[in-house]
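See below for the structure under consideration.
The shown structure was predicted, so the numbers you read here are calculated from the model rather than taken from an experiment.
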Protein chains: 2
Amino acid sequence: MSSAILRSKQLSEPTVARLPIYQRIADEWSRRGNLHIDSTTLGSLAGVQPATVRRDLSGLGALGTRGAGYECETLSTRINETLGRNHRYDIVVVGLGNLGRALINSENFLSGGAELVGIYDIDPEVIGTEVAGLTVQSFDVDIVSAMVGVMCVPASAAQSVADRLVASGIHALLNFAPHVVAVPIGTAVRYVDFSIELQILEYQLTNGTGPLGGGVLHTLGITPPVVTRSV
Amino acid sequence: MSSAILRSKQLSEPTVARLPIYQRIADEWSRRGNLHIDSTTLGSLAGVQPATVRRDLSGLGALGTRGAGYECETLSTRINETLGRNHRYDIVVVGLGNLGRALINSENFLSGGAELVGIYDIDPEVIGTEVAGLTVQSFDVDIVSAMVGVMCVPASAAQSVADRLVASGIHALLNFAPHVVAVPIGTAVRYVDFSIELQILEYQLTNGTGPLGGGVLHTLGITPPVVTRSV
DNA sequence: GGATGTGAAGTAGTTCACAGCC
DNA sequence: GGCTGTGAACTACTTCACATCC
């Protein structure tokens, strides 16, 4: 931890990854007509211990009511604030294959403050078409300024696309290509790999370890309580 | 750990999640004409410490050569064996929107032992069409026996689809819908949520924490060394 | 009574540092 | 000389347990 970082509360990555889940559950709970939700309920739906829920949420400042639990709407709002979803940030999507389209049309991809400001492809068939209110641009033109670049391209193109994005001033990449890209220091890369998800699931099944259990939520590195059983 | 589990080595989930990454790097390294790769190189490309690489790989049995490093091909093979990619397992995909198509056509989704044995949808337009050598079935018919069900459906349909899959004997779900599903004990659910990935990236950027650094790989809960810098 | 928030304890995962081997 | 494999130290995260408050 350097003195250069002056944010008051540092939330750990596991905690940050769980917040959107709590929010989703709180929203759903609210929709079903409940005003409050307690840490036990929240935890069992999220697949984590009540104590973990409380520890996580205590990091956002006191927002629970002793005896009652957490008010669903307040919780949801506070999570939005904490994750910085209120201030918008721009993203561009490179590659408009099935995956690119799936993301852009997805009901939640752009739900958290991300503003889509550019779509790029190299296929003349799709360049110039309208998607989500934007005209698809050739990847040869200048890339518009943005905070995050989302790469939905084949593995073979990943490195050159990453280079291009970095050169145009984008220092955060979300890479869906199954390929490791090299980037300069100061650039963040986050990888999403479907086959890895499947493989982890498969490994856990054949080993009897991992996220077995009712109502278990297992997202992005969150390790739920292990219900040990022979499979 | 229960006595019911008799696997000799238990690899931790973080380790299991890193193995496919090491493999990808080893394959790439091999393709570039190298016979061996050492833990320092592997680590810097994967965004983890050399010691972590060695600790991870030591779990698969001694396969490194002191003084030289790890033989790329042996490493790749051993990872396949460890993750159980050699024995095939069946999966079904429910929902043939953009995402379902993206997965099925993806160059790596089915690369690790998964065998696609059924595709289901409710849209009469796509039912009966041929995709990846299979005829798309109505979700009303009996679901074929499989190990894993991949859910590429809207959030609103997630719970009923999960219920249906569980009822037909599938006890491992990979859920792409942004919705928490309740399942009986003994069923594993793994969630993939793109918006969460974006949000974590955004949070890390605005906090100066997280995966900043050259050549950093950050996949699925792997926490690379934090290169602290003011952003 | 009932549920939060948090020190303290426990556990898992990472990193150090070095003996051992090529 | 160089690099692996691993006990030991360390760090981070989780869970317990209870004082505190509604």
For the pair made of CG in A:D56 and P in C:dA3, what is the distance, rounded to whole Å? 19 Å
Applying side-chain contact (heavy atoms from CB on, under 4.5 Å) to A:T15 and A:R18, what does each step give before you reach the verdict? CA-CA 5 Å; A:T15 296; A:R18 280 188 295 261; 3.7 Å; yes
Side chain of B:R54 only, heavy atoms from C-beta on: which candidate in C:dG13, D:dC13, D:dT4 is closest? D:dT4
Should B:V93 and B:C152 count as side-chain neighbours, where that means a heavy-atom distance under 4.5 Å? yes
Atom pair distance, as rounded to whole Å: CD1 in B:I37 and C1' in D:dG2: 16 Å
Check: A:R66 side chain, D:dT20 base, donor-acceptor under 3.5 Å: yes
Looking at A:R55 and C:dG7, is any side-chain donor or acceptor paired with a base atom of the opposite kind under 3.5 Å? yes
Rounded to whole angstroms, how far apart are CG on A:L75 and C1' on C:dA3? 15 Å
Roughly, in whole Å, what's the span from CD in A:Q49 to P in C:dA12? 13 Å
If I take atom CG in residue B:L57 and atom P in nucleotide D:dT6, what distance separates them, rounded to the nearest angstrom? 12 Å
Please tell me which of the listed nucleotides, D:dG2, D:dC18, D:dT15, lies nearest to the side chain of A:A51? D:dT15
Is there side-chain contact between B:L174 and B:I91, with at least one heavy-atom pair below 4.5 Å? no
Taking for each residue the nucleotide of DNA chain D bearing the nearest heavy atom, is the 5' side occupied by A:T65 or by A:S12? A:S12
Interatomic distance, B:L63 CG vs C:dC22 P [rounded to whole Å]: 15 Å
Using a heavy-atom cut-off of under 4.0 Å over every strand shown, decide if B:S39 touches base, sugar-phosphate, or nothing. sugar-phosphate
Check the distance between D:dG2's P and B:D38's CG and give it to me in whole angstrom. 12 Å
Minimum-distance nucleotide (side-chain atoms of B:T52 versus C:dT15, C:dC18, C:dA3): C:dT15
With the side chain defined as heavy atoms from C-beta on, B:Y70 is closest, among C:dG13, C:dT4, D:dG5, to D:dG5
Rounded to whole angstroms, how far apart are CG on A:L11 and C1' on D:dC13? 13 Å
Salt bridge (Lys or Arg N to Asp or Glu O under 4.0 Å) between B:E28 and B:R24, intermediate numbers included: CA-CA 6 Å; B:E28 177 68 22; B:R24 184 163 299 157; over 6 Å; no
With the side chain of B:R18 defined as its heavy atoms from C-beta on, choose the nearest nucleotide among D:dT15, C:dG5, C:dT14. C:dT14
Would you classify A:L42 as touching base, sugar-phosphate or nothing, given that sugar-phosphate means primed atoms plus P, OP1 and OP2, and contacts are heavy atoms under 4.0 Å? nothing
B:L42 and its side chain to side chain contact (heavy atoms under 4.5 Å, CB included) partner, picked from B:L57, B:D56, B:V48: B:L57
